[in-house]
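Report on the structure given below.
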2 protein chains.
Amino acid sequence: MMNPIFHALFQKSRYLTNCLNEVLKQHQLYSSQWTILYCLHKNGPMTLTQIWKYLNVEAPSITRAITRLETLGWVQRLDGEDKREKIVTLSAQAEERLPAITATIIAFEEEMVGSLTVEEQHQFIKLLEKMKG
Amino acid sequence: MMNPIFHALFQKSRYLTNCLNEVLKQHQLYSSQWTILYCLHKNGPMTLTQIWKYLNVEAPSITRAITRLETLGWVQRLDGEDKREKIVTLSAQAEERLPAITATIIAFEEEMVGSLTVEEQHQFIKLLEKMKG
DNA sequence: AGTAATTATTTAGCTAGGTAAATAAATTTC
DNA sequence: GAAATTTATTTACCTAGCTAAATAATTACT
């Protein structure tokens, strides 16, 4: 890329994802799986559509991730009143393990972003949002 | 993620990649293919190892991408003096088409990043680099 | 009420990243 | 100089995004 912003941004994004996956290995989770678990923890049971709209991802990515999380015992898929929709809920196992995982994540984020002051963190987000899109 | 920086960063990264792919459709290229072509244009012929080290990705990603670029006629793989290594060069077709693609990219980048002042762009990169890693 | 349009989810198949392990050539070591 | 180590590339297989199209259930239309 000619403008160094893009290369820097893409690279940091990949780097952070890899680090996050590394750190989450101890809980046998991938970063995107964690993202979904956290989303459910924060919002309670959600339909697939609610999840992908919330996370700003396309539906098939969520279908696949939920299928995996289900077979691994982290979530359940229940039929909704509207028979088209599936409602996803955290399993007891997930609820039980979530605090430890959350602690891992908080430590990770603190390590990664701790070199920035709170001021700089706000500045960073502001700049991200000021970019088109 | 609990710290909004990560979500914002990952999301913008995904968004920009998608936009870039969209814009590159007119040249029948994907963003990561473009990245490699530009890398070769800037540095001249390179071995696979030089490419993946330069782009900061793992070797298999580059092997795959180069194979595809080769079958599409954008690059050639030549044996090096060291018989282990393959030297990748741009094809005549690529050299010919690169100016038009570059123009597309410059316009894209200007559109995406134009809402930031030059000052802010520097600030942004500085903050990215200040984050750990 | 019956047909058409919309909505939720899934399936199939693509790019693009990653790790682990295989292979082949070059280099180092003894 | 033979054996061991290193290096460059590839292969196989995983996650994770995407689009396009299929399916099934609901809603809207007339």
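Proteins come first, then strands; the chains are lettered A, B, ... in the order of their sequence lines, and each starts at number 1.
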Separation of atom [atom1] in [X] from atom [atom2] in [N], rounded to whole Å:
X	N	atom1	atom2	answer
Lys86(A)	dA24(D)	NZ	P	12 Å
Arg14(B)	dA16(D)	CZ	P	12 Å
Arg84(A)	dT23(D)	CZ	P	17 Å
Gln11(B)	dG17(D)	CD	C1'	13 Å

Can you list, by residue number, the residues of residues 63-80 of chain A that have a non-hydrogen atom closer than 4.0 angstrom to DNA chain C? Thr63(A), Arg77(A)
What are the 5'-most and 3'-most nucleotides of DNA chain C lying under 4.0 Å from any heavy atom of chain B? dT15(C) to dA26(C)
Using the side-chain contact (heavy atoms from CB on, under 4.5 Å) rule, pick out the option among Asp82(A), Thr47(A), Leu48(A), Asp79(A) that qualifies with Ile87(A). Thr47(A)
For Glu120(B) versus Leu116(B), what's the shortest heavy-atom pair and its separation? OE1-CA, 3.3 Å
Give a yes or no on whether the ring-centroid distance for Tyr30(B) and Trp34(B) is below 6.0 angstrom. no
Ala59(B) or Asp82(A): which one's nearest nucleotide on DNA chain C is closer to the 5' end? Asp82(A)
Position toward the 5' end of DNA chain C (nearest nucleotide), Tyr30(B) or Lys25(A): Tyr30(B)
Among residues 35-57 of chain B, which contact DNA chain D at a heavy-atom distance under 4.0 Å? Thr47(B), Leu48(B), Thr49(B)
Does Glu85(A) reach a base, just sugar-phosphate, or nothing at all? Heavy atoms under 4.0 Å. sugar-phosphate
Report which part of the nucleic acid Asn21(B) touches: base, sugar-phosphate, or nothing (heavy-atom distance under 4.0 Å, all strands). nothing
Inter- and intrachain pairs under side-chain hydrogen bond (donor to acceptor under 3.5 Å, both in side chains), touching residues 105-116 of chain A, at least two apart: Glu111(A)-Lys132(B)
How would you list all residue pairs meeting side-chain hydrogen bond (donor to acceptor under 3.5 Å, both in side chains) that involve residues 89-106 of chain B, not counting sequence neighbours? His27(B)-Thr104(B), Gln76(B)-Thr89(B)
Looking at [Y], is its backbone amide N or carbonyl O close enough to the side chain of [X] to form a donor-acceptor pair, meaning the two atoms are under 3.5 Å apart?
X	Y	answer
Lys86(B)	Arg77(B)	no
Thr17(B)	Ser13(B)	yes
His7(A)	Asn3(A)	no

Return no unless some side-chain N or O of Ser61(A) is found under 4.0 Å from OP1 or OP2 of dC18(D). yes
So, taking the atom named CD1 in Ile105(B) and the one named OG in Ser31(B), what distance separates them when rounded to the nearest 0.5 Å? 8.5 Å
Taking side chain to side chain donor-acceptor pair (under 3.5 Å) as the test, write out the residues that go with Tyr54(A), two or more places apart. Lys42(A)
State, yes or no, whether a side-chain contact exists between Val75(B) and Leu37(B) at a heavy-atom distance under 4.5 Å. yes
